[in-house]
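Just so we're clear, the structure is a prediction, and the values are computed from it rather than from any experiment. The basis for the numbers below is simple: all heavy atoms, side chains too, and nothing from hydrogens, waters or symmetry mates.
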Amino acid sequence: MSEPIDLAIIGAGPAGMAAAALAAGHGLDVVVYDENQAPGGQIYRGFEAVAADRAADLDFLGDSYRAGLAIAHAFRASRARYQPSTSVWLIQKDRTIGISHAGRARMVEARRILIATGAMERPVPIPGWTLPGVMTVGAAQTALKAAGLVPRGPVVLGGKGPLLYQLAAQYLGAGVTIAAILETGARPLAALPHLVQAWWRTDYLEKGLALLRQIKNAGVTIIKNVSGLRAIGDGKLDAVEYRCGGTVQRIAAPLLLLHEGVIANVQLTMAIPAAHRWDEAQRCWHPVVDEYGDTDLEGIAVAGDGAGIGGAEAAASMGRLAALAAVHALGKISDGEFREIGYDLQRERRRYLAGRPFLDALYPPPAVAAALADDTLVCRCEEVSAGEIRRAVALGCTGPNQTKSFTRAGMGPCQGRMCGLTVAEVIADRLDRPMAEVGYYRIRPPIKPLTVGELAGLE
Amino acid sequence: MIERDILVLGGGLVGAAIGYGLQKRGLRIAVLDEGDVAHRASRGNFGLVWVQSKGDGFPPYADWARHAADVWPDFCTELEQRVGFKIGYQKRGGFSLCFSEKDFAARANLIKRMHNQQGPKGYDCEMMERARVEKMMPAIGPDVVGASFCPHDGHVNPLLLLRALHTALGVDYFNEHRASAIRARRGGFEVDAGAAVFAAGRVVLAAGLGNLPLARMLGAELPIRPQRGQILVTERLPAFLDFPMSGVRQTVEGTVMLGSSREEVGYDNSIKTDVLKTITRNAVRAFPLLARARILRAWGALRVLAPDEHPIYQTLGDHAHAIVATCHSGVSLAGAHSETFAGYLAQGGLPAHFAPFHSRRFDVQAAA
């Protein structure tokens, strides 16, 4: 292994890019490992290609996408080294990192590590969600950003949250027919108390309202307070069934896009493992971090949505804060400079986060566990149903790990990303225990694809 | 107070198998287990039901391991019928591969020694030249010069075995009831576990490394220690391997387990990349096609080892009704624990021929 890197950053979304630019600007040797082929993360995916080749697409991708370009350009202009198509499959407490690129694995060492692996969509198990023709809103948006791909047939969107309306607006801009938006229980009244605080983010609110207006003006059917979503079809999706106002309805559609908000992607921090806490408002696990993103592990920090959902701008602020802490820890700035710059960044971050409680209350995570039918698949990889999880609980399983070893739920290629929360929710519901007590899977490396041959040839 | 005939402390493979055997014999039992994230050898192990090389220099263990392999098929059939699902057991024999003439000679020497040791009881393990090995396992790599083969070896899905035992135990299995105190009282023991108190005439200590603190509660010290083994499992592959071996086995589901490291690192069950590299290099050398397989998980687990690596079965000091069962072969010995060991306990206690398994064997060695 060669000389340790000053700061290794995992992920090149807003947090990773902003952190890299700041740290490199203060003279740190920075390397950014990114599993994508180009920087941008999920939210600014493919920004360079879009700006260069598909500038017209910027119109329907919207202002927030354009805003990310500034962060991205600053990152590209910095001295930070960028390693695309490189996955991180292991981080150990001693800050050695296992990476894989082009079929070769090697270990690198870093003085500081910043994990900026962002968010993932909350998995939404509904009957039939494994049918071809059922996807997530996020996956559809990735296809749109990365390759300009849009569906042909009429689309049904099911669920709730900002991303769902954003995609709807983007689809309308791209000429896609939306058969209906089936909204699952947004709660404007519950969100009202948070509106005052959210007023700091009038830009956010205006953007949201403008999106909704645009969708309504286009004549899209929005059905509110939907429950019992079900994907119907034989071999592929034919129709979407839902319950509303006491009756069951059906819409024919070849494509259903689901979305129930986003959650922190904690696969990497769980695998080390860093300490985590259960966040009741966002109903997911978050790494325990301080205001600079530092975890309980020396020299390992998390910034961005991976530490709790806050959106792209807040992620960039937190990335800068974490980078600043690294710059300070490695002696490149004085205590005074650290406090001064840190204070400004903290204030900026608080302003960006002001709208978050409003959004959390407006789009509460669904309470899925009790309503899950026994035959609905929970673990897609190993095809384990909710009923099998319940039988494991009846057998004496009180946590996801014993349940995993008894049912194989969470043992497939996705490493439990798709089923971890649902399995724990089902256990918590059955035993009537808080999620914090039920716990989560013990995540095992490698957390990204790695072959036996790569490991055998480890450098 | 919950009263039973026998309390089994530990709900891993050893405790669950003994509990299942006692329950089948009509005893009133309770199996007390720790919660979701205990150090669990039962959840982390490799899944071999193994005979070859077990009990080198210690005939009682060689006999016991062979007996365990002999009773496994019937034990398995009955258990599967009882719970209504298969646990992935196969008994076609198992290999130990040799990668050099020197390896081969050393292995042949061990096999001969074991053969002589076991004498007329039969050992049935043989050395095979490469050509014969290749016939049985066409996927072997060019570096394999030969192997030892034992027809009594087999393998099983250890997680399904544990699930089956827990299923069979039913209401007698108490999860999240870690024994936190044991008190000897007239005619037996009281055990605090979780929020409950259990009482019984006898207790069986079968909690793996957890037996150390449990034995101390009764004033005894057990000579066992953790030894880390690291294991990897791959994605499902088309069936290419009909036989298990130490280090590589393909499960009934198609995944391939790789392992067999040994490290003395105390209670640290983390993974180390240099060890995983050695494991995967050996695996690719044995079966080159494995190089392309994707790894799904890697983990460390702790073996429960006595100084000579053989099991310890004994009563504990002054407490004739506190029985210790501790070993690192909870899978291999599951059938023997359920069918034979539990039978001894049901009939009154450990038989005279189990005396060699007492941990006093280490005192003798130290004195000599």
- Query: Which bit of B/E176 is near chain A, if near means a heavy-atom gap under 4.5 Å: side chain, backbone, both or neither?
  - Reply: side chain
- Which answer fits B/R236, side chain, backbone, both or neither, if we ask what part of it has an atom under 4.5 Å from a heavy atom of chain A? side chain
- Task: Report, by ascending residue number, the residues of residues 288-296 of chain B in heavy-atom contact with chain A at a distance under 4.5 Å; give 'none' if the set is empty.
- Result: B/L290, B/A291, B/R292, B/A293, B/R294, B/I295, B/L296
- Message: Quick check on A/K93 against chain B: is it the side chain, the backbone, both or neither that has a heavy atom closer than 4.5 Å?
- Response: neither
- Please lay out, stage by stage, how B/F99 and B/L97 fare under the test side-chain contact (heavy atoms from CB on, under 4.5 Å). CA-CA 7 Å; B/F99 290 96; B/L97 299 184; 4.2 Å; yes
- Query: Heavy atoms under 4.5 Å from chain B: which residues of residues 381-397 of chain A carry them?
  - Reply: A/E382, A/L395, A/G396, A/C397
- Pick from A/G439, A/S405, A/G412: which one has the most heavy-atom pairs with chain B under 4.5 Å? A/S405
- Exercise: do A/T407 and A/T403 side chains pair donor with acceptor under 3.5 Å: no
- Side chain, backbone, both or neither: which part of B/T273 has a heavy atom under 4.5 Å from chain A? both
- Query: Should the pair B/K24-B/E78 be classified as a salt bridge under the 4.0 Å nitrogen-to-oxygen rule?
  - Reply: yes
- Distance-only donor-acceptor check, side chains A/T96 and A/E109, under 3.5 Å: no
- Task: From the options A/T295, A/D296, A/T269, select the one residue that forms a side chain to side chain donor-acceptor pair (under 3.5 Å) with A/H276.
- Result: A/T269
- Which bit of A/Q415 is near chain B, if near means a heavy-atom gap under 4.5 Å: side chain, backbone, both or neither? side chain
- Message: Is B/L232 close to chain A through its backbone or its side chain, or both, or neither, when contacts mean heavy atoms under 4.5 Å?
- Response: side chain
- A/D29/A/R111 salt bridge by N-O under 4.0 Å criterion: no
- Item | Distance under 6.0 Å and angle within 45° of ring axis: B/R163 vs B/F85 | yes
- Query: Picking from A/A456, A/G453, A/G457, which has the most non-hydrogen pairs under 4.5 angstrom with chain B?
  - Reply: A/A456
- Message: Taking side chain as everything from C-beta outward and backbone as N, CA, C, O, which of these in B/L162 sits under 4.5 Å from a heavy atom of chain A? Side chain, backbone, both or neither.
- Response: both
- Task: Check whether any side-chain heavy atom of A/E35 sits under 4.5 Å from a side-chain heavy atom of A/T86, and report yes or no.
- Result: no
- Message: Checking side-chain polar atoms at under 3.5 Å, does B/E253 have a donor or acceptor matched by the opposite partner on B/T255?
- Response: no
- Task: Would you kindly say whether A/Q83 and A/H101 are connected by a side-chain donor-acceptor distance under 3.5 Å?
- Result: no
- Measure from NZ or CZ of A/R380 to the centre of the six-membered ring of A/W129 and say whether it is under 6.0 Å with the direction within 45° of the ring axis. yes
- Message: I'd like to know if the side chain of B/R297 reaches the main chain of A/M411, judged simply by a donor and an acceptor atom lying under 3.5 Å from each other, with no hydrogens or angles considered.
- Response: yes
- Message: At a 4.5 Å cut-off on heavy atoms, which part of B/T278 comes close to chain A: side chain, backbone, both, or neither?
- Response: neither
- Item | Presence of salt bridge, A/R104 and A/E459, under 4.0 angstrom | yes
- Query: Should we say atom CZ of A/R106 is surrounded by more than 12 heavy atoms from elsewhere, each under 6.0 Å from it?
  - Reply: no
- Item | Contact class of A/L90 relative to chain B, heavy atoms under 4.5 angstrom | side chain
- Message: Salt bridge or not between B/R178 and B/D192? Use side-chain N to carboxylate O under 4.0 Å.
- Response: no
